[in-house]
Amino acid sequence: MTDWSRLHHAYGTAEDVPRLLASVGPDAEDPGWTKLWSRLCHQGTVYSASYAALPALTAMARQWSAVDRRMTLCLAGSIVASTDQPYGDEDPHVTYASQISELAQLTDEALQDPGLADDPTNYVYLLAALLSFQDVEVWGEQFDTLNDEEYEVPCLTCGTENFIAFGEYGYFSTTDSMYMESSTSARQVPLRPRAPEALEGLAQRLHSRALADGQPDIARKLTYVFGDAQCAECGAVFSVEEAIVTQWG
């Protein structure tokens, strides 16, 4: 039995966690999720109670349908992916290996849910969770930024921060954080997407998966995220993927 009184979350002792876990439902609007998230993965920081909650989150995901388990999987994925662990050095992939293996399987099933065909946002969140459970460094935490259609990364040559935009406002690099405003006059340099047939490793795996799961728009965005950008300041061409890994690795 877990002695929650000896564990801590963002606001102190974790004695309230069992009650919250027992009362929360699958509805993403259930206020219990906000309470759990703020306690167990507060702004990306995890605590002793965070990992201790993984068995309960796994049990919930196992009992619920592929559609209903999404919030459970995303919270568990964020906990596992977090590198902000100021109160210890526990490796959940060792301590909770069996639960994480099961969570990966349950996430894989959820990603194949036909209901996600018109819900690319939740698809990205679930794919990020899967990368977390598979212990893919950096991308477990940073993949869901794909939903923002923007990565902010430093040029690998001059260090200038570039905004890599790939969505509603176009496909370009710029140094202007307000590039979405019509009044902007900042330089916007077109991105250089990678041809699908040229993708390798993780990029190829994610691209193929997105297509197989009926997410062609996600697959297309991945060709930009794993393509090249030209610094809007110095003009140097750099790998977007390498810049992301350098920034958060």
Side-chain angles (χ1 to χ4, degrees), residues 44 74 77-78 81 111-112 115-132 134 136-249:
C74 288
S78 293
L111 282 164
Q112 299 174 54
L116 286 175
D118 297 321
D119 191 1
T121 298
N122 275 320
Y123 178 84
V124 167
Y125 286 136
L126 284 171
L127 193 49
L130 181 61
L131 293 175
S132 301
Q134 294 175 339
V136 178
E137 293 185 3
V138 176
W139 292 104
E141 276 195 292
Q142 300 303 324
F143 186 78
D144 61 8
T145 304
L146 201 76
N147 281 331
D148 298 331
E149 299 183 332
E150 170 196 288
Y151 280 95
E152 182 182 356
V153 296
C155 168
L156 297 175
T157 298
C158 73
T160 299
E161 291 294 319
N162 277 250
F163 295 87
I164 310 299
F166 48 93
E168 178 182 357
Y169 300 101
Y171 301 82
F172 53 83
S173 57
T174 181
T175 57
D176 183 7
S177 63
M178 300 304 293
Y179 62 81
M180 67 291 298
E181 300 292 337
S182 59
S183 58
T184 184
S185 59
R187 184 183 184 204
Q188 297 180 352
V189 186
L191 298 179
R192 306 179 184 185
R194 188 84 65 215
E197 60 272 17
L199 295 172
E200 299 177 343
L202 177 65
Q204 192 277 331
R205 178 159 63 91
L206 291 172
H207 185 270
S208 296
R209 166 111 210 194
L211 288 178
D213 290 338
Q215 299 288 344
D217 187 54
I218 298 301
R220 182 171 58 84
K221 288 178 179 177
L222 288 171
T223 64
Y224 290 92
V225 173
F226 289 94
D228 294 325
Q230 183 176 359
C231 177
E233 179 69 22
C234 75
V237 176
F238 61 89
S239 161
V240 176
E241 175 191 13
E242 185 179 350
I244 291 170
V245 171
T246 298
Q247 176 82 325
W248 289 286

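The first residue in the sequence is number 1, and the count goes up from there.
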When you measure from the side chain of [X] to the backbone N and O of [Y], does any donor-acceptor pair fall under 3.5 Å?
X: E161; Y: S177; answer: no
X: T174; Y: R187; answer: yes
X: N147; Y: T121; answer: yes
X: Q230; Y: G235; answer: yes
X: T223; Y: A219; answer: no
X: S132; Y: S78; answer: no

Strictly by salt bridge (charged side-chain N to carboxylate O under 4.0 Å, His left out), give each pair with a member in residues 163-181 just once, sequence neighbours left out.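 Applying salt bridge (charged side-chain N to carboxylate O under 4.0 Å, His left out) to every pair that reaches into residues 163-181, excluding sequence neighbours, yields nothing.
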Is the closest side-chain donor-acceptor distance between Q204 and S208 under 3.5 Å? yes
Which pairs pass ring pair (Phe, Tyr, Trp, His ring centres under 6.0 Å) with one or both residues in residues 226-249, sequence neighbours excluded?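 Qualifying pairs, neighbours excluded: W139-F226.
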Ring pair (Phe, Tyr, Trp, His ring centres under 6.0 Å) partners of residues 200-225, not counting sequence neighbours, each pair once: Y171-Y224
Can you tell if the side chain of [X] reaches within under 4.5 Å of the side chain of [Y], non-hydrogen atoms only?
X: L199; Y: L206; result: no
X: V136; Y: R205; result: yes
X: Q142; Y: E137; result: no
X: L126; Y: L116; result: yes

In terms of relative ring orientation, are Y151 and F166 parallel, tilted or perpendicular, with 30° and 60° separating the classes? parallel
Return the minimal non-hydrogen interatomic distance between C231 and C234, and the atom names on each side. SG-N, 3.3 Å
Measure across I164 and A229 and return the closest heavy-atom pair with its distance rounded to 0.1 Å.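 Heavy atoms of I164 and A229 come nearest at CD1-CB, 3.8 Å.
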Given the rule in the side-chain contact (heavy atoms from CB on, under 4.5 Å) test, do L127 and Q215 qualify, once you have shown the distances and angles that lead to the verdict? CA-CA 12 Å; L127 193 49; Q215 299 288 344; over 6 Å; no
